[in-house]
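Structure first, then comments.
Lettering of chains follows the sequences in order, A, B, ..., and the numbering in each one begins at 1.
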Protein chains: 2
Amino acid sequence: MQRKPAKEYTTEQQLPRLGTAPYLKLMERTAASETNQYAAHLGLIMLWLGDNVLDLVDHDLSSFDITESKLDLLLLLSLHDGQELVTPSSIADRLGIRRSSVTSLLIWLEKRNWIIREPYAKDGRMTHVRISPEGSMLLQQVLPTFWSTCASLVEELNKEEQEVFRNVLVKLNKNIENRLGAGR
Amino acid sequence: MQRKPAKEYTTEQQLPRLGTAPYLKLMERTAASETNQYAAHLGLIMLWLGDNVLDLVDHDLSSFDITESKLDLLLLLSLHDGQELVTPSSIADRLGIRRSSVTSLLIWLEKRNWIIREPYAKDGRMTHVRISPEGSMLLQQVLPTFWSTCASLVEELNKEEQEVFRNVLVKLNKNIENRLGAGR
DNA sequence: CCCATATAGTTAGATTATCTAATTACATAC
DNA sequence: GTATGTAATTAGATAATCTAACTATATGGG
């Protein structure tokens with residue numbers, strides 16, 4: 001997940017950056033006739049940007065030895081703490097992954113004492129999962145950096161651009177959450 | 001990478017969707033004073049959207065037994081074909097990953113006959129990597145779906161929204177590519 | 001001309017994040 | 001009270017990355 005690692009040695013000949021032009025040319029030749037190519041271009045940049053955003057956030061979090069996806073889970077636990085019964089199943093449902101994948105995440109987090117798993121008395125099949133005091137402390141340490149990274153992603157936009165951008169983002173994200181059937 | 005897998009059985013009690021409100025409340029308590037919280041909110045949604053976009057694209061590509069990142073590499077090879085000497089090193093440099101990671105990708109692609117690796121005569125240490133006819137045929141098959149998926153990401157936006165969104169996206173992506181030191 | 005060092009690529013072995021299938025334990029309904 | 005459903009875990013796989021070590025080739029200075 002680490003972009004731009006230190007060079008193994010010094011550098012070599014590079015490939016020139018192509019930019020978007022050749023992608024668009026290829027699109028003209030290979031897109032179905034009913035595809036809106038202007039929209040596809042936009043979607044392509046969005047895909048690239050999303051990729052870069054994840055890389056940057058994980059890079060900024062790496063000094064805390066946590067990834068964006070694990071931070072996401074800790075946040076989930078923190079925000080539901082004392083509200084609802086959180087179980088591996090409900091986590092899996094929310095994150096759109098398998099229960100067994102959640103088990104792996106929980107084992108990892110529990111090893112670091114950031115969460116607590118305890119049997120749920122009212123139904124012996126279930127496990128109650130919650131964030132631990134140590135986990136909450138970790139959040140206190142990580143979140144200032146996390147929010148600052150989030151802000152840095154869009155800080156070069158002016159107030160007006162941010163306003164328009166926000167409306168578009170919210171709209172797109174709602175739509176895609178519906179398509180995927182999972183969301184926050 | 002697969003979101004929303006078929007349920008293992010039928011469903012269980014779900015966690016309520018929180019929306020953004022509790023995240024913003026938490027941000028108020030935990031952001032550094034110099035962080036622009038409006039921007040951070042925007043960045044957070046962008047991060048979520050990026051995550052969802054990658055999931056959706058990989059989902060749409062899964063029937064072709066290829067992931068977005070491998071398709072990206074095939075596209076890279078296709079667009080540079082006959083132009084520049086493409087080697088594992090130059091690919092690694094471009095993708096911002098290690099040479100050894102590139103070797104793994106190339107082995108996987110070569111096994112399927114989608115690329116050709118051959119020794120480079122002018123420098124015996126190098127390997128010339130190029131897309132094979134079979135690889136090009138695969139692209140022909142996959143790309144219509146890929147472009148259509150890209151388009152579907154933003155198709156609900158009206159013409160005007162798309163116009164503004166595009167300018168913002170291009171700006172943000174340029175900036176983040178500079179920060180990461182890699183880009184297309 | 002040879003050797004030291006740099007570079008290209010691969011291999012070995014690890015980690016993270018996912019999956020499916022099988023297993024264990026508990027709950028419930030007929 | 002047995003069959004079936006559900007919750008969680010385990011076992012084993014794959015993908016995408018990493019670092020470290022290794023092999024082979026290239027090159028520049030004595």
Original post:
With a 6.0 Å cut-off on ring centres, are A:Trp48 and A:Tyr23 close enough?
Top reply: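 Yes - the distance between ring centres of A:Trp48 and A:Tyr23 falls below the 6.0 Å cut-off.
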Could you please name the option among [options] that lies closest to any side-chain atom of [X]?
{"X": "A:Arg125", "options": "C:dA27, C:dT16, D:dT9", "answer": "C:dA27"}
{"X": "B:Ser89", "options": "C:dT10, C:dC19, C:dG9", "answer": "C:dG9"}
{"X": "A:Lys70", "options": "C:dG9, C:dT16, D:dA8", "answer": "C:dT16"}
{"X": "B:Ser100", "options": "D:dT19, C:dG9, D:dA8", "answer": "D:dT19"}
{"X": "A:Ile107", "options": "C:dT11, C:dG9, D:dT10", "answer": "D:dT10"}

Heavy atoms under 4.0 Å, any strand shown: does [X] hit a base, just sugar-phosphate, or nothing?
{"X": "B:Ser104", "answer": "base"}
{"X": "B:Thr103", "answer": "base"}
{"X": "B:Ser101", "answer": "base"}

Original post:
In terms of the nearest nucleotide of DNA chain C, which residue is placed more toward the 5' end: B:Asp123 or A:Leu105?
Top reply: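 Checking each residue's closest nucleotide, the 5'-ward one belongs to B:Asp123.
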Original post:
Rounded to the Å, how far apart are A:Glu118 CD and D:dA7 P?
Top reply: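 Rounded to the whole Å, the gap is 19 Å.
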**OP:** Measure the distance from NE2 on A:His128 to P on D:dT9 and round it to the nearest whole Å.
**Re:**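 From A:His128 NE2 to D:dT9 P: 14 Å.
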Can we say [X] and [Y] salt-bridge, meaning some charged N sits less than 4.0 Å from an Asp/Glu carboxylate O?
{"X": "B:Arg112", "Y": "B:Glu134", "value": "no"}
{"X": "B:Arg99", "Y": "B:Asp93", "value": "no"}
{"X": "A:Arg130", "Y": "A:Glu118", "value": "yes"}

Original post:
Should B:Arg98 be listed as having a side-chain N or O under 4.0 Å from OP1 or OP2 of D:dT19?
Top reply: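 For B:Arg98, the contact criterion (side-chain N or O under 4.0 Å from OP1 or OP2 of D:dT19) is met.
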Original post:
Hey, does the side chain of B:Arg99 come within less than 4.0 Å of D:dT19's phosphate (OP1/OP2), counting only N and O?
Top reply: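 For D:dT19, OP1/OP2 do not have a side-chain N/O of B:Arg99 under 4.0 Å.
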